[in-house]
> 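Attaching a single structure in structure tokens format; questions to follow.
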Amino acid sequence: MPAYIAITEIRLHLPHVTSLKEKRRIVKSLAAQLRQRFGAAVAETAEQDSWRRAVMLVALVGGPDTAARADELERFVEARCPDGCNFARQLRTFAD
């Protein structure tokens, strides 16, 4: 059985955030939920000093169901960030 890795970049738009402290609370909470629910590795990779934007990189590792888990992860994030988010994903196998 081949091993897969799905790497997803999540760009969040947070128009109602009024401080970096509030933004960090939101990003840390979302990252913790992704780790707990999906077993994902999560890091905030850009826009650390911007109040209203965040960029997170999420990695999922597994078997053939990894793409479906990544789809579910994206739906989960969209439900928690109704003000807007964009996704870019790459799915790779160990042989790539």
Side-chain angles (χ1 to χ4, degrees):
M1 177 170 70
Y4 291 86
I5 182 167
I7 301 171
T8 305
E9 181 184 70
I10 304 170
R11 293 187 170 274
L12 302 174
H13 180 61
L14 307 164
H16 302 295
V17 172
T18 59
S19 69
L20 282 174
K21 187 175 181 179
E22 183 181 0
K23 174 204 165 182
R24 287 192 177 115
R25 181 184 54 79
I26 292 167
V27 170
K28 283 186 176 191
S29 174
L30 180 59
Q33 290 174 39
L34 294 175
R35 285 184 192 103
Q36 182 179 21
R37 183 175 178 113
F38 297 96
V42 183
E44 185 179 4
T45 58
E47 303 289 352
Q48 284 94 345
D49 294 329
S50 173
W51 292 8
R52 296 194 168 102
R53 291 186 308 266
V55 179
M56 301 171 74
L57 194 63
V58 179
L60 295 172
V61 178
D65 67 329
T66 303
R69 289 176 45 222
D71 289 338
E72 184 181 345
L73 183 141
E74 289 179 12
R75 287 190 298 273
F76 182 84
V77 172
E78 285 176 332
R80 278 144 187 82
C81 298
D83 293 319
C85 50
N86 295 315
F87 303 97
R89 184 190 330 161
Q90 291 188 7
L91 182 66
R92 304 279 185 185
T93 65
F94 186 72
D96 290 344

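We count residues from 1, following the sequence as given. Only heavy atoms go into these numbers, but all of them, side chains included; no hydrogens, no water, no symmetry mates.
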> To check you understand the geometry: which heavy-atom pair defines the closest contact between Ala31 and Val42, and what is its length?
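In this case the closest contact between Ala31 and Val42 is CB-CG1, 3.7 Å.
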
> Does any non-hydrogen side-chain atom of Val58 lie less than 4.5 Å from one of Phe38?
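Phe38 vs Val58: side chains apart.
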
> Is there a donor-acceptor pair under 3.5 Å between the side chain of Arg69 and the backbone N or O of Val61?
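The answer is yes, because a donor-acceptor pair under 3.5 Å joins these two groups.
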
> Are any non-hydrogen side-chain atoms of Leu12 and Val77 less than 4.5 angstrom apart?
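Yes, close enough: below the 4.5 Å cut-off.
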
> Return the minimal non-hydrogen interatomic distance between Arg35 and Ala40, and the atom names on each side.
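Arg35 and Ala40 have their closest heavy atoms at CG-O, 3.3 Å.
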
> Distance from Asp71 atom CG to Asp65 atom CG, nearest 0.5 Å?
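It comes to 11.0 Å.
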
> Can a donor-acceptor pair be found, under 3.5 Å and without considering hydrogens, that links the side chain of Arg89 to the backbone of Ala6?
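No: the side chain of Arg89 does not pair with the backbone of Ala6.
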
> Any side-chain heavy atom of His16 within less than 4.5 Å of one from Glu22?
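SC-SC contact between His16 and Glu22 ruled out.
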
> How long is the straight-line distance from NE2 of His13 back to SG of Cys81, given to the nearest 0.5 Å?
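The SG atom of Cys81 sits 11.5 Å away from the NE2 atom of His13.
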
> Could you check whether any side-chain heavy atom of Leu30 comes within less than 4.5 Å of a side-chain heavy atom of Leu34, counting everything from C-beta outward?
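Side-chain contact under 4.5 Å: yes.
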
> Any non-hydrogen side-chain atom of Leu57 less than 4.5 Å from a side-chain atom of Ile7?
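Contact flag for Leu57/Ile7 side chains = yes.
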
> Among the clusters formed by ILVMFWY side chains lying less than 4.5 Å apart, do Leu73 and Ile26 turn up in the same one?
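Leu73 and Ile26: one cluster.
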
> What distance separates Thr66 OG1 from Arg92 CZ, expressed to the nearest 0.5 Å?
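Rounded to the nearest 0.5 Å, the OG1-CZ separation comes out at 14.0 Å.
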
> Are Phe76 and Val55 grouped together when hydrophobic residues (ILVMFWY) are joined by side-chain heavy atoms under 4.5 angstrom apart?
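In one cluster: no.
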
> Give me the atom names and distance for the closest heavy-atom approach of Met56 to Val27.
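Answer, listing the atom of Met56 first, then Val27: CE-O, 4.0 Å.
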
> For Lys23 and Arg52, indicate whether the former's side chain and the latter's backbone hold a donor-acceptor pair under 3.5 Å.
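Such a contact is absent between Lys23 side chain and Arg52 backbone.
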
> If you compare all heavy atoms of Val17 against all heavy atoms of Trp51, which two are closest, and at what distance to 0.1 Å?
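Taking Val17 first and Trp51 second, the nearest heavy atoms are CG1-O, 3.4 Å.
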
